[in-house]
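So the structure is just underneath, and the comments pick up after that.
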Amino acid sequence: MENPSVARVLNEIADLLELKGENIFRVRAYRTGAQVVADSPAPVAGLDVPALLAIDGIGKDLAARIRDIATTGTTGLRDELLQIFPPSILEVMRLQGIGPKTVALLYHTLHVTSLDDLEAAAKAGAIRGIKGMGAKKEALILTAIAERRRHAGRHLIGHACETAETLVAWLREAAPEATYDIVGSLRRGAETSGDIDILATNAPAEVLGHFTRYRQVERVLGLGDTKASILLTSQMQADLRLVPAESRGAALQYFTGSKAHNIALRQRALSRGYTLNEYALADAATGARIAGETEDGIYAALGLPCIDPALREARGEIDAAEAGTLPRLITLADLQGDVHMHTTASDGRHDIETMAIAARDAGRSYICITDHSQSLAMANGLDDARALAHAARIREANAKIDGITILAGIEVDILADGRLDLEESTLAALDFVIASVHSAFDQSAEAMTVRVLTAMACPFVDAIGHPTGRKILRREPHRIDVEALIEAAGLYGIALEINSNYHRLDLSDVHARRARAQGVGLLIDSDAHSTTELGLLRWGVLTARRAWLEPADVWNTRDVDAFRNGLRRHRSPAAAKTGRAR
DNA sequence: GCCGTTTTCGGCCCGACTGTTTTCAGTCG
């Protein structure tokens, strides 16, 4: 079992223990364990008990449980807990605004064990009858359920890709000679996906049966001669299709989508006297094959350069391809810097040096350390004195470590009234400041917009972090006028972040493309809280590609000198107005 | 459940916000 899956089971145990009313520190130990496993660069399945014990946060009990989970998928404690509570109750616990105490109370008083139970109870007005709950709680519950329903069946790209890649590895065990392609919305880099689509070329038919025997299968939905479908315990559906080699390109094109892109492409084929399906591009009159072995061949036969999967959303890509104006999309290798990350000074897991070395090994030539500011007490945010002392330590580390430049910055909180959480003199003393909203999300659009624009007026704010505050499938973006935000960013010469965490991807592809059109600079940042999370840049880059971004649109593709010189604090007022680097 | 020159017990990150209290419990980050 892969690390994210092991971590998921540990978190599930933590949820169930909390529900049971167990010692909160025992619960926390399981959550810490989950975090440590998720952050581990080595697969924990390959570690023995002594190696596990060497990890901070893992003791005798957790080491044994991790061994159990990694090898069997579960552990005794989890099974015992699931005897007490049905697994469906975990869904209730993950509702926004509903915690373990409320779920336990609902379970014991109304025997609520699922979202359906809870919805029925709320609609019947039974919630307000419980001591400590009222009409507002009842309404909040119904809202949370409605939101959840809207997101049902969708999965975050990070989770879906991890599962898809693990599945492909499983298939390779049975048929190593075959070629596997992950297609569908995952290939396009969409932020969520409904299911996993895998194509296998040059694979024996037996691979389909092997697919259905994957350990995490909950139910086999179908098994035929060329296709199998499974439902995984994670509630993701996965489909495997066998494709003949001469049709691989046609199948890639067809199953990558999007539906709208394919419709447009098929129309183009028809207008040229061809038909296009998942097997080939063929002459409509004679049925003779024109192309199908490669995607390039299909697009070429239609008079187009191959269009990158990230662009295939029917957002003007076919016209651009026709006109020869497709963008030269940004890649991970274009990113020289990563300028939003945390260390042990606030809520990160690793220190300055460790993060720097890991970033250097990942190919970055500079980073900026941006720990939290004081108002984020739970994250151990820095006050003015600590921020300045931390900056001094960062500069010492920079002097010591070769091969990478380490800039001293801060992720400063934008307070509810638009003031910043640190003195302007502190912000001025740093190399780079990214300002973010982490509290009072519930403001009106007017209040939130004024709040962020007020913060942007500070001349030492260089960028805005995760500008809309969304958590994909969990929390709607906060109400903010994104157009006004983009306009102000252009006016002040402030960059807007594409936060690469796959829970956020904020700005979204659509907003980032809008920002680019307005000439606003963008950043692609990991917001890493550990060395492992530096790899999150992968998702931010995908989002940027979906936003049609080229390297020049993203400030951290510049070398460190150009990056620094381009910042608002180092520009003349006239240059700042144009929003461009001098 | 983990950790430890405050080590085998007794701590473990905590402030803001909300809805429900009539002085606080639950949730979130």
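Below, all heavy atoms of this structure are taken into account, side chains as well, without hydrogens, waters or symmetry copies. Chain letters run A, B, ... following the sequence lines, proteins first and then strands; every chain starts at 1.
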- Item | Interatomic distance at P, B:dC12 relative to B:dC17, whole Å | 25 Å
- Residue pair A:Lys101/A:Met133 against DNA chain B: nearer the 5' end by closest nucleotide is A:Met133
- Which nucleotide, B:dC3, B:dG1, B:dG29, lies nearest any side-chain atom of A:Asp56? B:dC3
- Task: Could you please name the partner base of B:dG19, counting Watson-Crick and G-U wobble pairs only when both distances are under 3.5 Å?
- Result: B:dC24
- Do A:Asp117 and A:Thr113 have side-chain atoms, one donor and one acceptor, less than 3.5 Å apart? yes
- Query: If the P atom of B:dG11 is compared with that of B:dT6, how far apart are they to the nearest Å?
  - Reply: 16 Å
- Item | C1' spacing across the pair B:dC13 / B:dC3, given as an integer number of angstrom | 16 Å
- Item | Whole-angstrom distance between B:dT21 and B:dG26, as gauged at atom P | 13 Å
- Item | A:Asp527 CG - B:dG29 C1' separation (whole Å) | 13 Å
- Task: Using the C1' atom on both, measure B:dC14 against B:dC9 and round to a whole Å.
- Result: 24 Å
- Spacing of A:Ile24 atom CD1 relative to B:dG10 atom P, expressed in whole Å: 21 Å
- A:Ala14 near the nucleic acid: base, sugar-phosphate alone, or nothing, with a heavy-atom cut-off under 4.0 Å? nothing
- Separation of atom CD in A:Glu22 from atom C1' in B:dG1, rounded to whole Å: 10 Å
- Query: Would a line drawn from the ring center of A:His438 to the ring center of A:His466 be shorter than 6.0 Å?
  - Reply: yes
- Query: Across the strands shown, which category fits A:Asn380 at heavy-atom distances under 4.0 angstrom: base, sugar-phosphate, nothing?
  - Reply: nothing
- Item | Out of B:dC12, B:dT27, B:dG29, whichever nucleotide has its closest atom nearest the side chain of A:Asn23 | B:dC12
- Task: Please state how far atom NE2 in A:His372 lies from atom P in B:dG15, giving the value in whole angstrom units.
- Result: 16 Å
- Task: Could you check A:Glu119 against A:Lys123 for salt bridge (Lys or Arg N to Asp or Glu O under 4.0 Å), going step by step and ending with a plain yes or no?
- Result: CA-CA 6 Å; A:Glu119 185 172 33; A:Lys123 283 189 171 157; 3.3 Å; yes
- Query: Regarding A:Thr468 and A:Asp506, is there a side-chain donor-to-acceptor distance under 3.5 Å anywhere?
  - Reply: yes
- Task: Please check if any side-chain donor atom of A:Gln443 sits under 3.5 Å from a side-chain acceptor atom of A:His478, or the reverse.
- Result: no
- Between A:Ser439 and A:Leu95, name the one whose nearest nucleotide on DNA chain B is closer to the 5' end. A:Ser439
- Rounded interatomic separation in angstrom, taking CG from A:Asp347 and P from B:dC14: 14 Å
- Query: Atom CG of A:Leu52 to atom P of B:dC3: distance rounded to whole Å?
  - Reply: 12 Å
- Count the heavy atoms belonging to other residues, nucleotides or ligands that lie under 6.0 Å from CD of A:Glu487, then report whether that count exceeds 12. no
- Considering only the C1' atoms, how many Å lie between B:dT22 and B:dG29, rounded to the nearest integer? 28 Å
- Whole-Å distance, A:Arg31 CZ to B:dC2 C1', equals 16 Å
- Message: Can you identify which nucleotide, out of B:dC12, B:dG26, B:dT20, has its nearest atom closest to the A:Thr102 side chain?
- Response: B:dG26
- Query: When we call it a touch if two heavy atoms are under 4.0 Å apart, what does A:Ile98 touch: a base, just sugar-phosphate, or nothing?
  - Reply: sugar-phosphate
- Message: From the set B:dC2, B:dC13, B:dG26, return the single nucleotide nearest to any side-chain atom of A:Arg28.
- Response: B:dC13
- Message: Starting the side chain at C-beta, find the nucleotide from B:dT20, B:dG1, B:dG29 nearest to A:Lys137.
- Response: B:dT20
- Query: Starting at CD of A:Gln35 and ending at P of B:dG1, how long is that distance when rounded to a whole Å?
  - Reply: 20 Å
- Message: Say we look at B:dG15 and B:dT8: how far apart would their C1' atoms be, to the nearest angstrom?
- Response: 33 Å
- Message: Less than 3.5 Å apart, any donor N or O on the side chain of A:Thr543 or A:Asp509 sitting next to an acceptor on the other?
- Response: no
- Note on the structure: Against the side chain of A:Lys136, the closest entry in B:dT20, B:dG1, B:dC28 is B:dT20
